[in-house]
Amino acid sequence: PVEASSEKVELRIVAGNPDSKTTFTDPAAEDYSVIWQDDDKVGLFIADKTANAEAGLTRSESGKAYFLSKVSEYAEEDMLYAYYPYAAAAEGETVAATAVKLEIPAAQAQKDGFNGSYNPMVAVPVALPAPGTAIEEPLKFRHLGAMVELKINGDATKHAGEKITSVSFAAKDGGKVAGEFSFDITKVTETEALAEYAGSSETVTVALETPVAVSAEGASVFMTVIPGSYNGVFTV
C-alpha cells in the first residue's frame with residue numbers, strides 16, 4: 001500500500017505542443033487530431049509514493065498547456081505512470097497502478113464528425129527529473145481503443161426524408177467490444193504491443209446529436225471499440 005507523504009510538492013507536465021492530445025493517421029486520407037480540452041484530467045502514480053493523483057490542465061500566460069498536480073515528495077529518477085481520463089476512487093477503494101479501471105463506453109455520442117474522446121490512453125512510464133523541475137517533454141500516450149470510421153450512404157430518392165440517427169454494432173460469439181476493464185499501466189513500453197484486455201459489453205452504439213440525411217455522398221460515423229477481431233452485425 002502507498003503511504004502518502006504529508007509533504008506535497010507541485011508537479012508540472014507539459015501537455016503537448018501546441019496542444020495535441022493525439023493524432024490518428026489514415027495514410028489514404030488525412031490525420032484526425034484530438035486536442036486537449038480545459039476540463040481534461042489525467043491520473044498519476046509515482047513509484048510507491050503517490051497513488052492516483054489528479055492532474056488538471058492549466059495554461060501559462062503564453063497559452064502553453066500543462067498538467068498540474070500536488071503529489072507526495074519524490075526523488076529524482078522515481079518512475080511516473082499516467083493514464084487518461086482520470087477516475088477518482090470510490091470511498092474506501094484502493095487504486096493501484098497495476099489495476100487501473102478504464103472504460104470504452106458502450107454508449108457513445110457524435111456531435112460534429114470525428115471524436116476521439118472515448119479512447120482511453122496510458123503513458124509510457126518515465127523517470128522523473130529533480131523535484132521542482134517541470135517535465136517539458138510531453139508524455140507519450142498509447143491508445144487502448146481502436147477507432148472505426150463507418151462510411152454510410154444510400155439512395156436519397158429511395159430514402160427521402162430519412163436520417164441517420166444512430167449506428168450500433170453487436171458482436172457475436174461473446175465478443176466484448178466495450179465496457180470497463182482493468183489495466184496495468186506499469187507494463188506499457190515504447191516498443192512492445194499492449195496486452196489483450198476484455199470489456200463487459202457486446203454492443204456499442206453511437207448516437208448522432210445532429211441526425212444526418214441519407215445521401216449518395218455518405219456520412220462518416222466514428223466508433224471506438226476494444227481492439228480485436230469480431231463477428232457481428234451493424235445496425236443503422
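- How far CE of Met223 is from CZ of Phe234: 5.5 Å, rounded to the nearest 0.5 Å.
- With a 4.5 Å cut-off on side-chain heavy atoms, Val100 and Val122 do not count as touching.
- Here the straight-line distance linking atom OG1 of Thr98 with atom CZ of Phe183 works out to 11.5 Å at 0.5 Å rounding.
- Proximity of Thr203 to Val177: side-chain heavy atoms (C-beta onward) are nowhere separated by under 4.5 Å.
- Phe114 places a side-chain heavy atom less than 4.5 Å from the side chain of Met147.
- Nearest heavy atom pair, residue Lys101 against residue Ala87, reads O-CB, 4.4 Å.
- To the nearest 0.5 angstrom, Asp155 atom CG is 10.5 Å from Glu162 atom CD.
- In the model, Asn52 has a side-chain atom that pairs as donor or acceptor with a side-chain atom of Tyr83 under 3.5 Å.
- Nearest heavy-atom pair across Arg59 and Trp36 is NH2-O, 3.8 Å.
- Atom OH of Tyr81 is separated from atom CG of Asp184 by 9.0 Å, given to the nearest 0.5 angstrom.
- Contact check for Tyr86 versus Ser69: no side-chain heavy atoms found under the 4.5 Å cut-off.
- Within a 6.0 Å sphere centred on CD of Glu196, heavy atoms belonging to other residues, nucleotides or ligands number 12 at most.
- Taking 4.5 Å as the limit, some side-chain heavy atom of Val9 sits within range of a side-chain heavy atom of Val71.
- In terms of heavy-atom proximity, Asn119 sits nearest to Ala146 at ND2-N, 4.4 Å.
- At a threshold of 4.5 Å between non-hydrogen side-chain atoms, the residues Val95 and Phe45 count as touching.
- Shown here is Glu192, whose CD atom has no more than 12 heavy atoms of other residues, nucleotides or ligands within 6.0 Å.
- To the nearest 0.5 Å, the span separating CG on Asp173 from CG on Asn231 amounts to 6.0 Å.
- Minimum interatomic distance between Ile226 and Ala198 (heavy atoms only, all atoms of both residues): CD1-C, 4.1 Å.
- The heavy-atom pair separating Val212 from Ala219 by the smallest distance is CG1-CB, 3.7 Å.
- For Leu80 against Ile13, the heavy-atom pair with the smallest separation is CD2-CD1, 3.9 Å.
- Lys140 places none of its side-chain heavy atoms less than 4.5 Å from the side chain of Arg142.
- Between the OG1 atom of Thr133 and the CG atom of Leu11 there is a distance of 10.0 Å, given to the nearest 0.5 Å.
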